[in-house]
Amino acid sequence: MRLFILVAFFGLGLTQYNPHTKHGRTAIVHLFEWRWADIAAECERFLGPNGYGGVQISPPNEHIVLNEPWRPWWQRYQPVGYKLCSRSGSEDELRDMITRCNYVGVNIYVDAVINHMCGAGGGEGTHSSCGSWFSAGKRDFPSVPFSYWDFNDKKCTTGSGEIESYCDARQVRNCRLVSLLDLAMEKDYVRGKLADFMNNLIDMGVAGFRVDACKHMWPDDLSAVYDRLQNLNTKWFNNGSRPFIYQEVIDLGGEAITSRDYYRLGRVTEFRYGAKLGNVFRKWNGEKLFYTKNWGEGWDFMPDDKAIVFVDNHDNQRGHGAGGASIITFWDSRLYKMAVGYMLAHPYGVTRVMSSFRWNRNIVNGKDQNDWMGPPSHSDGSTKPVPINPDQTCGDGWVCEHRWRQIKNMVIFRNVVNGQPHSNWWDNQSNQVAFGRGNRGFIVFNNDDWDLDVILNTGMPEGTYCDVISGQKEGNKCTGKQIKVGDNGKAHFNISNRDEDPFVAIHANSKL
Ligand code: QV4
Ligand code: CA
């Protein structure tokens, strides 16, 4: 009984670490800059049926609208207020999306921009996504309302009012990040407005929040806001469920602020994960795939139960934020499929898959001149819908990595092996490795410049399995390679380094 009470108590208290995904689903996808109407359709026609647990959406609240540059994607990281109309659609469309996704068991996580409002140079007028008037110069946002005394201008001690050094925690949290007007979050009034905004979304049925720019907010201020959040809507979630919180903190070491400062509040983005995995698959800095035998905490990443992991995100895929050149994106699709496959096969962390739009990448001296470009849009700046081609890929510049067969099938793999231990590791002391997940799944990578030809212990029951990378099981047929596992659990793998995708994955549900 005592144990039960203890478990029940912690079970409730700790649920901000739990994504509350349904039906044993384990991965979420960031549908970057998608319209609400398209996300609703995607939940029903693709994400639900293929076992995606949730969607991270772009910021849903009112944001600045910029002409120079023309409608950059990052205008949505410059809030003007908390009305719920944005480049992705209206409040009604947002509500409809949340409901329809919930009906098919796909959660919605909101990107919450609460550290700041728009840039100091954002001007004055109604150039905002719902048409609300504001004045950046006067620090006046009447639709909230926020005014001069709700900002940190006086508290920041740098000459420019900007963050000048990341070695000084007070600057990082009280000064302006790239000129963005910094909110005075120690104020009860400001905390209340932020909590109201988030509670409104909880009422509508969202499952949690990706909290933007947490490095720039004091953990105690964040804690005060989170404490005011209601439990999740019981129409969709268990009684007493706390909103899932994952906090954006870019910690690659060497700064005053660390990820650790935020563990007690919720999960935290593990940016070392994608940076290191990029080095490993690119074979930079002498990295080799076989060094990943102790991938996860063994690589000095944060504790497993605190981490949210991803290969790339909307910033570092275009040189924003940090993480640098090693980050692998859809532009390097062959490596990308392997890296995402590795992430999804490995038990560490809550996993997030990126889904991007293409832009006219133009790198000059290491910097992309077009890193600002917004999503595929009409000439009036409105975002284009996501058309689905007959072969199930997306059109009009939407990349839809989450629909790529190899990635989609690895999301299913992760669900099938959920809860199983990392097992049956094998490597060739170079860039060929294999591992299993108990007796439910097995994956083999060949990232060397020669063929792999080896008999391995898979830990799987005897049978013929369909490789879900080169193809997939369709009815009783396999459209890809077939792998025969003997009664001793052993199987023969042959992966040419010239294969379209030099890796193979089998799982309990791909058995023929
Ligand atoms: C510019 C200059 C300033 C100058 C100002 C004058 O850079 O020095 O003072 O003009 O007006 C955009 C522009 C930026 C501009 C700024 C304000 O890129 O040049 O300032 O707007 O007008 C995104 C983009 C930013 C963008 C911002 C707001 O990445 O480029 O800034 O949106 O539109 C750190 C943080 C981390 C952050 C990361 C990018 O610790 O938290 O940088 N990541 C998150 C989001 C990210 C977002 C923000 C935070 C801000 O993931 O997408 O920034 O909400 O590592
Ligand atoms: Ca701040």
Side-chain angles (χ1 to χ4, degrees), residues 30 32-33 56 58-59 61 63-69 71-80 87 111-123 127 129 136-137 150-153 155-166 168-187 190-191 194 210-222 225 246-252 254-259 261-262 268-269 271 275 308 310 312-324 327 352 354 367-374:
H30 181 195
F32 178 47
E33 283 280 9
Q56 177 182 315
S58 284
N61 56 297
H63 55 84
I64 198 168
V65 174
L66 296 170
N67 295 328
E68 192 48 55
R71 311 293 196 257
W73 62 268
W74 43 254
Q75 64 183 13
R76 298 185 69 175
Y77 290 89
Q78 301 198 29
V80 156
R87 192 178 195 170
D111 194 346
V113 184
I114 58 175
N115 171 65
H116 51 261
M117 301 299 278
C118 67
H127 47 298
S129 54
D150 298 318
F151 291 88
N152 270 336
D153 294 85
K155 231 190 304 154
C156 169
T157 53
T158 63
S160 62
E162 299 282 311
I163 298 167
E164 293 173 2
S165 165
Y166 276 80
D168 174 357
R170 286 172 51 239
Q171 287 187 31
V172 176
R173 287 170 174 152
N174 293 342
C175 297
R176 298 189 312 229
L177 164 65
V178 292
S179 100
L180 300 163
L181 296 175
D182 206 57
L183 285 166
M185 248 173 97
E186 81 283 5
K187 291 188 62 180
V190 172
R191 292 173 176 178
L194 299 175
R210 176 248 186 208
V211 186
D212 181 67
C214 286
K215 188 190 285 180
H216 307 282
M217 295 180 277
W218 295 95
D220 287 346
D221 291 344
L222 279 173
V225 172
Y246 57 109
Q247 308 169 98
E248 188 226 13
V249 179
I250 305 179
D251 176 6
L252 298 169
E255 294 183 16
I257 294 161
T258 67
S259 305
D261 306 341
Y262 297 84
V268 185
T269 50
F271 275 85
I308 163 128
F310 42 91
D312 62 330
N313 83 342
H314 72 281
D315 283 331
N316 63 22
Q317 69 171 200
R318 49 175 50 68
H320 282 234
I327 299 297
R352 179 179 63 193
M354 181 67 202
K367 158 121 174 75
D368 183 354
Q369 304 303 303
N370 287 332
D371 64 348
W372 57 272
M373 280 188 171

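Atoms within a ligand are numbered from 1 in the order they appear, just like the ligands themselves.
In terms of protein heavy-atom proximity, atom 42 (O) of ligand 1 is closest to Gly321 CA, 4.1 Å. If you check which protein heavy atom lies closest to atom 55 (O) of ligand 1, you get Ile250 CD1, 3.4 Å. The protein non-hydrogen atom at the shortest distance from atom 2 (C) of ligand 1 is Val178 CB, 4.7 Å. When only non-hydrogen protein atoms are considered, atom 51 (O) of ligand 1 lies nearest to Asp315 OD2, 2.5 Å. Ranking the protein heavy atoms by distance from atom 45 (C) of ligand 1 puts Asp212 OD1, 3.0 Å first. Among protein heavy atoms, atom 53 (O) of ligand 1 sits closest to Tyr77 CB, 4.3 Å. Counting protein heavy atoms only, atom 21 (O) of ligand 1 is closest to Gln78 NE2, 3.1 Å. Of the protein's non-hydrogen atoms, Ser179 CB, 3.1 Å is the one closest to atom 9 (O) of ligand 1.
Asp212 contributes atom CG, which lies 12.5 Å from atom CZ of Arg76 (distance to the nearest 0.5 angstrom).
Within the listing of ligand 1, atoms 28 (C), 50 (C) sit less than 4.0 angstrom from a heavy atom of Leu180. Of all atoms in ligand 1, listed by their number and element, those nearer than 4.0 Å to a heavy atom of Ala213 are 41 (O).
In this structure Asn174 satisfies the side-chain hydrogen bond (donor to acceptor under 3.5 Å, both in side chains) test together with Trp218, sequence neighbours excluded. Among residues two or more places apart in sequence or in another chain, the salt bridge (Lys or Arg N to Asp or Glu O under 4.0 Å) test is passed with Asp371 by Lys367. For Asp315, the salt bridge (Lys or Arg N to Asp or Glu O under 4.0 Å) criterion is met by no residue, not counting sequence neighbours.
Checked against a 3.5 angstrom limit, the closest N/O atoms of Trp73 and ligand 1 fall outside it. Here's the thing with Gln75: none of its N/O atoms is less than 3.5 angstrom from an N/O atom of ligand 1. Residue Tyr166 has no N or O atom closer than 3.5 Å to an N or O atom of ligand 1.
In this structure, the side chain of Glu162 engages the main chain of Ser179 through a donor-acceptor pair within 3.5 Å. For the pair His116 (side chain) and Tyr77 (backbone), a donor-acceptor distance under 3.5 Å is present. Counting only distance, with no hydrogens or angles, the side chain of Lys215 and the backbone of Ile257 share no donor-acceptor pair below 3.5 Å. At least one donor-acceptor pair closer than 3.5 Å links the side chain of Arg87 to the backbone N or O of Arg71. A donor-acceptor pair is defined here as one N or O able to donate and one able to accept, closer than 3.5 Å; no such pair exists between the side chain of Tyr262 and the backbone of Gln247. Remark: the backbone N or O of Ala213 is paired with a side-chain donor or acceptor of Glu248 at under 3.5 angstrom. Within the 3.5 Å criterion, the main-chain N or O of Ser259 finds a donor-acceptor partner in the side chain of Asp251. A distance-only check finds no donor-acceptor pair linking the side chain of His216 to the backbone of Arg173 [under 3.5 Å]. Formation of a donor-acceptor pair under 3.5 Å by the Thr269 side chain with backbone atoms of Ile308 is not found in this model.
Using bins of under 30°, 30° to 60° and over 60° for the plane-to-plane angle, the ring pair His314/Phe32 lands in the tilted bin.
Compare His320, His116, Glu248, His216 by their heavy atoms: the one nearest to atom 25 (C) of ligand 1 is in His320.
If you look at Arg176 next to ligand 1, there are no close heavy atoms at all, none under 4.0 Å. Contacts between Val249 and ligand 1, counted as non-hydrogen atom pairs separated by less than 4.0 Å, are absent for every part of the residue.
Heavy-atom separations between Arg76 and ligand 1 are all 4.0 Å or longer. Residue contacts with ligand 1 include Arg210, since one of its heavy atoms falls under 4.0 Å from the ligand. In this structure, His314 has a heavy atom closer than 4.0 Å to ligand 1.
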Before giving the answer on salt bridge (charged side-chain N to carboxylate O under 4.0 Å, His left out), spell out for Asp182 and Arg176 the whole-Å C-alpha distance, their side-chain angles and the decisive distance to 0.1 Å. CA-CA 5 Å; Asp182 206 57; Arg176 298 189 312 229; over 6 Å; no
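Of all protein N/O/S atoms, those under 3.0 Å from the Ca ion (ligand 2) are Asn115 OD1, Arg173 O, Asp182 OD1, Asp182 OD2, His216 O, and waters are not counted.
For atom 33 (O) of ligand 1, the protein comes within 4.0 Å by at least one heavy atom. Taking a distance limit of 4.0 Å, we find that atom 28 (C) of ligand 1 is approached by some protein heavy atom.
Across every non-hydrogen atom of Asp312 and Met354, the tightest pair is OD1-CB, 3.4 Å.
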